[in-house]
There are 2 protein chains.
Amino acid sequence: MLNANRDIQRTPAHTRSQVLTHALNLFTGQGYFNTSVHDIAHASKVSVGSIYHHFKDKEGIARTLYEELLTQMVEEITDILRNHTTAHSRCRAITELLFEITVVTPETMEFIIYAKHREFLPGEFPICSSKPFVMMREIVAEGMETGEIHTMDPTVATACLFGGSIRLITGYLDGVLEKRLPEYLEETWTCGWRAVAVV
Amino acid sequence: MLNANRDIQRTPAHTRSQVLTHALNLFTGQGYFNTSVHDIAHASKVSVGSIYHHFKDKEGIARTLYEELLTQMVEEITDILRNHTTAHSRCRAITELLFEITVVTPETMEFIIYAKHREFLPGEFPICSSKPFVMMREIVAEGMETGEIHTMDPTVATACLFGGSIRLITGYLDGVLEKRLPEYLEETWTCGWRAVAVV
DNA sequence: GTCTATACGACGATAGAC
DNA sequence: GTCTATCGTCGTATAGAC
């Protein structure tokens, strides 16, 4: 996953990362159920047998992807928590992070925020119960205690603060935006913050 | 068992509506690809042959559902346009409508707002390009001309105005809200409007 | 660990009787 | 129009050689 573009190797680690990379592209590009293990094998230039050696089954590939991408996102939010102190600054940084991930690795964002995980990952909790989203709500809740954000239901505040950004991101992933995504950042952030900020 | 079968209506219209109703439930409950035509036949108490008499194929069922539900929503928004004049009043009414549809017929809202249509309806435009969403953006744009809403990119304004509500709705559909959905209406609307309103 | 070949079940769709 | 029975295909997963 991390060392995606290297010379063609046949090491186990390389096989594994190739499979994950191409599975992510196929799952987001044409959907999990429209993607066969054979498709993944072909795109990864790896045999079906190798795939089943590294992963229990097709679902296992998706689950691994889901967990690794979420873990990565948690780390990035943790960094933001370290480098920013106010709720305003932290939420702004998270918004920038979401936009950046979307532009740099749209498949990642699509798989995290836009896929219907419950349809192919039985037992998995909804994405909004996942760690990154919980962290975002905690940041908002703390912002209420410091008086930066209106005292209200934290779920509502988080939804309204980030809801606009998420709409823009899904619009970008759907290819329906007229301008490039970053051009929407300032205005979207201003609106989102205005929705919840104490004047 | 056999007696029960006598009570079942066998008119074409009844067959068609039964299939659509149960297909919607199954598609939203377990996903389009996890639902077989046999499942639909069983749930609808109709034979597979009858289903294929009324619909070209499985995709045709989903496409019919999609079109009918969107048409219904367009009519409801049209009603709102008739009965309300200001952008404030119209957007508020639309927010209430979205919440009400979600509570009364969650499958409808899930199928419209939450399904990944492009994965099973090839050629279909993304939901945010659909008529209801376009109408919402037009209402917002008019609100800018009348001075009710900040002059800004209409896409951003619409995303921020309704983004919070949509997040709450998806949270409800995912079953992760602590309170019942209507209890969030006032606060969510207030936040959304504050995000874009001219003071 | 990686590969090819294959078993086997599931599902979409059709045929043809009533 | 509705039904049952069946066909053909596709895709997951495994077996077993290298």
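Every value quoted in this text rests on a predicted model; they were computed, and no experiment measured them. Only heavy atoms go into these numbers, but all of them, side chains included; no hydrogens, no water, no symmetry mates.
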Please determine if a side-chain N or O atom of His53(B) lies less than 4.0 Å away from the OP1 or OP2 oxygen of dT2(D). no
Rounded to whole Å, CD of Gln30(A) lies from P of dG11(D) at a distance of 10 Å
In this structure, CG of Leu20(A) is separated from CD of Gln18(A) (nearest 0.5 Å) by 10.0 Å
Applying side chain to side chain donor-acceptor pair (under 3.5 Å) to Glu110(A) and not counting sequence neighbours gives Lys116(B)
Side chain to side chain donor-acceptor pair (under 3.5 Å) filter on Ser89(B), not counting sequence neighbours, yields His84(B)
Between Thr15(B) and Asn34(A), whichever has its closest DNA chain D nucleotide further toward 5' is Thr15(B)
To the nearest angstrom, the NE2-C1' distance between His42(A) and dT4(C) comes to 16 Å
Are there any protein N/O atoms within less than 3.5 Å of an N/O atom in nucleotides 12-18 of chain C, and if so, which ones and at what distance?
from	atom 1	to	atom 2	distance (Å)
dG12(C)	OP1	Lys58(B)	NZ	2.8
dG12(C)	OP2	Val37(B)	N	2.8
dA13(C)	OP2	Tyr52(B)	OH	3.1
dA13(C)	OP2	Lys58(B)	N	3.2

Of Asp174(A), Thr28(A), Thr170(A), the one forming a side-chain hydrogen bond (donor to acceptor under 3.5 Å, both in side chains) with Tyr114(A) is Asp174(A)
Testing dT4(C), dG1(D), dG1(C) for proximity to the side chain of Pro12(B), the answer is dG1(D)
Phe55(A) CZ to dT14(D) C1', in whole Å, measures 18 Å
From CD1 of Ile51(A) across to P of dT2(C) the rounded distance in Å is 11 Å
When rounded to whole Å, the CZ to C1' distance for the pair Phe120(B) and dC11(C) reads 18 Å
- Reckon Ser50(B) has a side-chain N or O less than 4.0 Å from the OP1 or OP2 of dC3(D)? yes
Consider only side-chain N and O atoms of Thr105(B) and Glu107(B), and report whether a donor and an acceptor are under 3.5 Å apart.
no
Item to check | Geometric class of the Tyr32(B)/Phe120(B) ring pair [parallel <30°, tilted 30-60°, perpendicular >60°] | outcome: parallel
To the nearest angstrom, the NE2-P distance between His14(B) and dC3(D) comes to 11 Å
